[in-house]
Amino acid sequence: MDLRLMILQTCTGKLLSEYQLNLLRKNNICSLIDFYDADEKKLHELWAINIQSVRELKKELSLLPKGSVHEGTPDFNYETGIEELDKLLHSVEQPFKPGRVWELCGQPGVGKTQVLYTLALNFVWKHSQAVLFIDTKREFSCKRIQDMLRARKVDAEACERAMKEIRVVQAATGADINDLLNSFDQQLTAETQASMQTKLVLIDSLAACFAYHRGRRMRDVRKSVLTELACRIRKLALRGVAFVIGNVSFFEKNKDSCGDDGEQDGDVEEVTRQQLEPMLGSYWSSVATLRLSVELPEEEDFTLQDDGLRFIYVISNSYGPDGEHCLLRITDAGVV
């Protein structure tokens with residue numbers, strides 16, 4: 001049985017980041033016996049947590065009832081339905097499959113929402129499974145989805161069926177998202193039909209929930225909410241639910257001058273192109289197993305006519321290489 005899955009079933013283990021869990025395998029701690037045999041001081045130094053937490057985790061693992069550990073998420077691929085993106089994902093060992101937790105980053109207005117709409121529509125169309133779309137900006141466009149379906153020459157009955165399978169829920173704060181996911185988890189436990197048919201959660205966009213979390217006290221609140229959210233996402237991922245979470249990026253030089261809502265706090269000087277930096281801090285950066293960045297081609301400019309071309313870069317990857325990219329285009333039918 002996979003050690004990571006067992007650790008993530010414990011209260012202490014759910015607080016560990018993806019990066020910390022990956023350190024186990026890198027240090028040849030691959031089984032429960034290896035973990036029990038590992039020196040507590042070594043684990044303390046490896047994970048940068050106190051020894052008492054290490055001891056508590058070992059105790060919690062010993063109390064897990066036999067048979068309580070799930071066999072893991074189903075081993076098959078969904079595919080995104082975007083051909084070039086799927087090729088990229090396979091090349092970096094991150095095919096779209098149950099239990100994946102991805103983050104989709106980019107500057108405001110670059111097209112992240114269009115990618116999320118396309119993922120939602122492709123998913124319900126190909127797999128006949130429902131999508132939970134959490135809209136934090138209160139901007140979800142049913143018309144855009146309908147326009148995409150018309151551009152694909154879908155008949156009225158199929159269009160109505162697809163629209164029903166994209167279940168949109170508004171959430172203004174991070175606490176609202178936590179409540180939604182907690183309710184979803186409870187429904188899965190109760191095996192309600194609607195929840196059992198929902199295999200993908202899209203969040204557009206997480207950064208919008210923390211637009212006003214500034215100052216030390218509010219940063220502490222944000223970290224607390226994000227920690228709880230990370231635990232809920234990991235728990236649902238273990239049950240086979242996939243996540244794609246929108247986030248906002250800025251050039252690193254601009255980051256301190258911008259709020260999480262993307263608004264400038266003051267005048268900043270023009271900068272040369274460099275890697276974009278996602279919002280929400282270092283803790284959140286370890287939650288997703290894959291971070292993708294949607295970017296304009298270098299020669300493009302928002303002030304010029306937009307031809308729809310976008311690069312998607314792999315900026316971090318827990319399971320394979322990063323730095324790879326592919327070229328996509330935003331069309332009337334969605335992102336292709």
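Residues take their numbers from the sequence shown, with the count starting at 1.
Screening residues 326-336 for salt bridge (Lys or Arg N to Asp or Glu O under 4.0 Å), with sequence neighbours left out, gives no hits. Residues in residues 169-198 take part in these salt bridge (Lys or Arg N to Asp or Glu O under 4.0 Å) pairs, two or more places apart or across chains: D185-K235, D185-R239.
The shortest distance between side-chain heavy atoms of L280 and V248 does not fall below 4.5 Å. By the 4.5 Å heavy-atom criterion applied to side chains, I203 and I177 are counted as neighbours. Between V124 and Q129, every side-chain heavy-atom pair lies at or beyond the 4.5 Å cut-off. Contact of the M6 side chain with the F35 side chain is not registered, since no non-hydrogen atoms from C-beta on lie closer than 4.5 Å. For the pair H44 and I49, the minimum side-chain heavy-atom distance is 4.5 Å or more. Between L104 and W102, the closest side-chain pair of non-hydrogen atoms is not below 4.5 Å. Here the side chains of F133 and Q170 are not in contact, with every heavy-atom distance at 4.5 Å or above. Counting heavy atoms from C-beta on, the side chains of F210 and V225 come closer than 4.5 Å.
In this structure, CD in E324 is found 10.0 Å from CG in N317, a value given to the nearest 0.5 Å. Note that OG of S293 and CZ of R310 are 12.0 Å apart. Values are rounded to the nearest 0.5 Å. From E295, atom CD reaches atom OG of S249 across 7.5 Å, with rounding to the nearest 0.5 Å. With values rounded to the nearest 0.5 angstrom, I29 atom CD1 is found 9.0 Å from I7 atom CD1. Between atom SG of residue C142 and atom CD1 of residue I145 there is a gap of 8.0 Å, rounded to the nearest 0.5 Å. Between W47 atom CH2 and L23 atom CG the span is 9.0 Å, to the nearest 0.5 Å.
The closest donor-acceptor contact from the side chain of T289 to the backbone of V101 lies under 3.5 Å. A distance-only check finds no donor-acceptor pair linking the side chain of N77 to the backbone of K97 [under 3.5 Å]. At distances below 3.5 Å, at least one donor-acceptor pair connects side-chain atoms of Y117 with backbone N or O atoms of S141. In this structure a side-chain-to-backbone donor-acceptor pair under 3.5 Å is present from K112 to G106.
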Evaluation steps, side-chain contact (heavy atoms from CB on, under 4.5 Å), between I315 and L292: CA-CA 6 Å; I315 57 175; L292 299 171; over 6 Å; no

Residue pair D135, V169: steps toward the side-chain contact (heavy atoms from CB on, under 4.5 Å) verdict: CA-CA 6 Å; D135 176 22; V169 181; over 6 Å; no

Candidate pair L5 and L238, rule side-chain contact (heavy atoms from CB on, under 4.5 Å), full reasoning: CA-CA 7 Å; L5 294 181; L238 283 173; 2.7 Å; yes

Chi angles and distances behind the side-chain contact (heavy atoms from CB on, under 4.5 Å) call for L61, Y36: CA-CA 9 Å; L61 284 170; Y36 282 137; 3.6 Å; yes

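Taking S316 as the reference, R291 meet the side-chain contact (heavy atoms from CB on, under 4.5 Å) condition, with sequence neighbours excluded. Legend: residues meeting salt bridge (Lys or Arg N to Asp or Glu O under 4.0 Å) with E56, ordered by chain and number and at least two apart, are absent. Residues forming a ring-ring contact (aromatic ring centres under 6.0 Å, His included) with F123 (at least two apart in sequence, or on another chain): Y78, H127. Partners of E40 under the side-chain hydrogen bond (donor to acceptor under 3.5 Å, both in side chains) rule, at least two apart in sequence or in another chain, are R55. Shown here are the side-chain hydrogen bond (donor to acceptor under 3.5 Å, both in side chains) partners of D147, two or more places apart in sequence or in another chain: K143, R150. Under the ring-ring contact (aromatic ring centres under 6.0 Å, His included) criterion, F184 pairs with no residue at all, not counting sequence neighbours. Contacts of R152 classified as salt bridge (Lys or Arg N to Asp or Glu O under 4.0 Å), with partners at least two apart in sequence or in another chain: none. Scored by the ring-ring contact (aromatic ring centres under 6.0 Å, His included) test, H90 finds no partners at all (sequence neighbours excluded). Applying the salt bridge (Lys or Arg N to Asp or Glu O under 4.0 Å) test to K87 and every residue at least two apart in sequence or in another chain returns E83, E84.
In this structure, a donor-acceptor pair under 3.5 Å is present between the side chains of S183 and Q187. Side-chain N/O atoms of R144 and Q114 include a donor and acceptor closer than 3.5 Å. For the 3.5 Å distance criterion, the side chains of E60 and T12 qualify, holding a donor opposite an acceptor. A donor and an acceptor atom, one from each side chain of T192 and S195, are located under 3.5 Å apart.
Following chains of ILVMFWY side-chain contacts shorter than 4.5 Å, one can reach Y313 starting from L309, so the two form part of one hydrophobic cluster. Connection of V92 to L119 is established within a shared hydrophobic cluster, with ILVMFWY side chains joined at heavy-atom distances below 4.5 Å, either directly or through further cluster members. Hydrophobic clustering (side-chain heavy atoms under 4.5 Å, transitive across Ile, Leu, Val, Met, Phe, Trp, Tyr) groups L181 together with M196. There is no path of hydrophobic side-chain contacts, each under 4.5 Å, that joins W284 to L15. L46 is not connected to I51 by any chain of hydrophobic side-chain contacts under 4.5 Å among Ile, Leu, Val, Met, Phe, Trp and Tyr, and they are in different clusters.
Closest non-hydrogen pair, T136 versus C209, comes out as CG2-SG, 3.5 Å. Across R234 and S286, no two heavy atoms sit closer than the pair NH2-O, 4.1 Å. Of all heavy-atom pairs spanning L8 and G13, the tightest one is CD2-O, 3.8 Å. Of all heavy-atom pairs spanning F250 and P108, the tightest one is CE2-CD, 4.0 Å. Nearest heavy atom pair, residue S318 against residue N22, reads CB-ND2, 3.6 Å. Taking every heavy atom of both residues into account, L3 and C30 meet most closely at CB-O, 3.7 Å.
Dense packing is recorded around NZ of K137, with more than 12 heavy atoms of other residues, nucleotides or ligands lying under 6.0 Å away. K59 NZ: 12 or fewer foreign heavy atoms inside a 6.0 Å radius.
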Can you give me every donor-acceptor pair (side chain of residues 153-167, partner residue at least two apart or in another chain, under 3.5 Å) with its distance?
from : atom 1 : to   : atom 2 : distance (Å)
D155 : OD1    : E157 : N      : 3.1
D155 : OD1    : A158 : N      : 2.8
R167 : NH1    : A194 : O      : 3.0
R167 : NH1    : T198 : OG1    : 3.2

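Just one residue in the list L132, V201, I134 forms a side chain to side chain contact (heavy atoms under 4.5 Å, CB included) with L180, and that residue is I134.
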